[in-house]
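See structure below.
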Amino acid sequence: MEINVASFCNLTSDHRIRKSNLPGFSCSSIGAKTGNRIKIKSFCGLDLFATRNVRSCVVVRCSSYQENCLRPKPRPKPKPIVEHVDRGSNLNDTNSASPDSSAVFDHIEKLVFFKRYGEALELFEILRSRGCLVAVRASTYDSLVSACIGVGSVREVKTVFQHMIETGFEFDQYMRNRVIVMHLKCGMTVDARHLFDDMPDRNVVSWSIMISGLVEVGSYEEAFNLFLLMWGEVSDASPRMFATIIRATAGLGFILAGRQFHSCVIKMGFYKNIFISCALIDMYSKCGCIEEAQWVFDEMPEKTVVGWNTIMAGYALHGYSEKALDMYYEMCSANVQMDHFTYSIIFRICARLGSLEHAKQAHAGLVRNGFGLDIVANTALVDLYCKWGRMEDARNVFEKMPRRNLLSWNALIGGYGNHGMGIEAVRMYEKMLEEGMAPDHVTFLAVLGACNYSGLLDKGREIFEMMSRNPSTRPRAMHYACMIELFGREGLLDEAYALIKNAPFSPTKNMWAALLTACRIHKNLELGKFAAEQLFGLGPEKLSNYIVLLNIYNSSGRVDEAAKVVEALKRRGIRLLPACSWIEIKKQPHKFLFGDKSHPQSLKIYEKLDSLMSEIVQLGYVPDWKSLLPDVAEHEQKMLTYHSEKLAIAFGIISTPDFTPLQVVQGHRICSDCHTVIEFLTLITKREIVVRDASRFHHFRCGSCSCGDYW
DNA sequence: GTAGGGTTAG
């Protein structure tokens with residue numbers, strides 16, 4: 001019997017050679033004929049072959065295992081229990097396996113050592129399914145656990161764990177902790193929690209593993225509660241634990257606790273710990289205290305690349321994209337070695353600013369620094385092109401990526417969706433399924449969003465129903481919100497409301513907000529008010545929700561309620577950032593605020609805008625004073641004519657030749673008056689105008705918009 | 001002597 005275990009033992013890859021450049025290792029080359037099939041090992045009646053075409057194999061020798069596994073002769077003698085450190089009690093299992101088994105255990109461990117997890121698990125699986133493995137020694141299980149973590153597969157985790165249980169493996173505390181980590185890293189949080197709860201005794205590591213595992217999957221509340229529980233039991237006050245719990249407070253936006261932990265770490269003398277500093281920067285910026293984040297960053301004794309990344313991401317998060325870009329150039333001059341995260345952050349900032357020039361420079365830097373094929377940075381690049389509306393370029397980068405992961409697919413599908421190319425989005429989604437990539441909730445959100453933006457009611461319904469049938473993809477609140485929007489868009493308000501009523505959980509803010517938007521579009525004031533009240537009862541949280549509420553109260557003359565909303569905004573310390581639009585002309589970004597007269601060509605811009613406005617009035621434009629949507633302060637609404645996007649477009653028109661397409665980026669949602677005006681403008685100027693607002697793309701052409709007047 | 005920490009593309 002021959003089994004083709006591909007590239008079983010040829011350790012040829014370059015990076016592995018470099019990695020093996022450690023004390024106790026030496027590298028040497030031996031020749032091997034192309035296409036040779038080399039018998040590696042006989043085990044339990046099976047002959048294992050390496051059949052990979054190898055021109056020059058590098059054999060890595062390590063002091064702990066001296067045998068050359070590529071040489072078929074002489075056959076490796078069955079070794080006694082290896083030179084590995086014994087784990088005491090758990091090694092009795094070797095009695096039940098053949099003497100050869102220890103050599104195979106060695107191989108599994110070796111494969112894992114060289115990060116060849118898939119092969120290690122494959123070998124384990126072959127042996128296990130043939131009943132060759134009665135029991136496995138502890139160090140091999142340890143390697144198998146690493147392999148499971150490496151491949152992140154639920155199925156493998158179950159197999160390995162099941163095998164441990166069935167063969168009566170005796171877990172020590174170390175292995176219990178490892179098994180919990182294995183479950184956590186493979187997304188099996190609930191199982192991990194059960195294992196944790198059933199532990200006979202828990203040490204600080206057990207708590208730490210469980211808490212950080214919960215933080216990792218975003219269960220911040222559970223993590224925080226567990227931390228409090230732990231505090232009563234073991235009181236782990238290590239820098240690691242602080243870094244973890246600060247991350248949880250960041251996730252919860254729990255600034256009070258965050259500040260307390262900050263004072264704790266200062267008192268305990270951990271304030272110079274870079275992990276804690278980074279966690280604090282992240283915590284402050286996620287809680288909206290960017291000045292304090294900057295302060296922590298300034299105090300960092302050694303500014304690591306993670307520190308820079310975190311503070312830049314913080315500025316970007318709060319819309320201070322230009323400040324973030326400044327930080328990037330500061331980082332460049334500080335000669336900090338950037339990593340792929342840096343580039344992904346910078347691409348995100350460029351995407352926001354709509355700045356082609358900076359992005360090009362960053363792209364060059366990315367390639368120069370050897371991240372040209374990096375999956376993270378390239379996905380950010382796909383996202384960047386999507387956000388510019390340059391879908392061909394996005395597709396191009398995507399197609400050239402050597403590997404794609406879930407996020408790459410999600411970025412592209414989302415891009416097509418946001419750009420009103422719903423059919424293409426659905427096609428990519430189906431292609432993704434064909435290629436065996438499992439969609440996650442973000443994918444579903446992207447594809448449902450695409451159906452929503454393009455009015456693909458039947459497709460959306462089909463996907464939503466498919467999700468509902470499968471327990472592992474049960475729609476979450478955001479998918480419901482998406483479907484409510486889709487129904488709302490098609491005027492099926494009853495169906496939308498039914499979805500809220502029949503949801504298996506209590507309706508969320510987003511669901512009510514989606515219904516509210518639908519009511520606004522279809523002018524169903526009664527249901528709209530009801531939705532608004534429900535929303536307000538839940539505390540709208542997001543600025544845009546407050547604004548929609550504010551507007552719906554204002555427009556229905558409920559001044560008192562409107563005042564309450566403003567009061568709530570003030571109480572929560574939410575600032576209304578001035579609405580702002582950018583346009584890039586001749587590689588130079590130009591920024592406009594509403595009623596902005598700071599631009600050197602201000603006079604010309606206003607003249608042009610006024611003349612355009614009177615031109616469109618001739619065509620039947622009526623100002624929409626009761627517009628309900630813009631995410632901008634009330635006093636700004638009253639100056640409809642001089643909204644930043646109108647100024648940016650007027651500037652674009654006077655600065656470019658006739659018929660040149662224009663591209664505007666803005667941080668707030670476009671208001672319906674601007675939307676109407678731009679539709680008219682494309683008619684009189686014969687230009688295409690693309691506006692990217694806070695939620696999506698508006699592709700204006702010949703008097704209409706890709707969003708179908710629904711956003 | 002082992003296991004656990006910060007940023008992270010949608």
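In what follows, every chain begins at residue 1, and chains take the letters A, B, ... in the order their sequences are listed.
- Atom NZ of A:Lys185 and atom C1' of B:dA3 are 10 Å apart (whole Å).
- By the salt bridge (charged side-chain N to carboxylate O under 4.0 Å, His left out) test, A:Lys459 pairs with A:Glu430, A:Glu462, sequence neighbours left out.
- Within 4.0 Å of A:Ile209, counting heavy atoms only, lie sugar-phosphate atoms of the nucleic acid but no base atom.
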Ring pair (Phe, Tyr, Trp, His ring centres under 6.0 Å) between A:His262 and A:Tyr284: does it pass, once the steps are laid out? CA-CA 10 Å; A:His262 192 180; A:Tyr284 280 124; 5.5 Å; yes
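- A straight line from CD1 of A:Ile245 to P of B:dG4 spans 18 Å, rounded to a whole angstrom.
- When the P atom of B:dT7 is taken as reference, atom CE of A:Met331 falls 16 Å away, rounded to whole Å.
- For the pair A:Glu216 CD and B:dG5 P, the interatomic distance rounds to 8 Å; values are reported in whole Å.
- In this structure, A:Ile211 atom CD1 and B:dG4 atom P are separated by 15 Å, rounded to whole Å.
- Residue contacts for A:Ser206: at a heavy-atom cut-off of 4.0 Å it reaches no nucleic acid atom on any strand shown.
- Distance, A:Met300 CE to B:dT7 P: 12 Å, rounded to whole Å.
- Looking at heavy-atom distances under 4.0 Å, A:Thr310 makes contact with sugar-phosphate atoms alone, never a base.
- For A:His419, the ring-ring contact (aromatic ring centres under 6.0 Å, His included) partners at least two apart in sequence or on another chain are A:Phe697, A:His699.
- Heavy atoms of other residues, nucleotides or ligands lying less than 6.0 angstrom from CD of A:Glu435 number more than 12.
- What separates CG of A:Leu144 from P of B:dT2 is a distance of 20 Å, to the nearest Å.
- For B:dA9, its base never sits under 3.5 Å from the side chain of A:Asn378 at any donor and acceptor pair.
- Judged by distance alone, with hydrogens and angles left aside, A:Asn410 brings no side-chain donor or acceptor close enough to the base of B:dA9 to form a pair under 3.5 Å.
- Residue contacts for A:Asn177: at a heavy-atom cut-off of 4.0 Å it reaches a base atom on one of the strands shown.
- Using a 4.0 Å heavy-atom cutoff across all strands shown, A:Arg348 reaches sugar-phosphate atoms only and no base atom.
- Taking the six-membered ring where tryptophan is involved, the planes of A:Phe224 and A:Phe254 are tilted, since the angle between them lies from 30° to 60°.
- The distance between atom CG of A:Asp440 and atom P of B:dA9, rounded to the nearest whole Å, is 13 Å.
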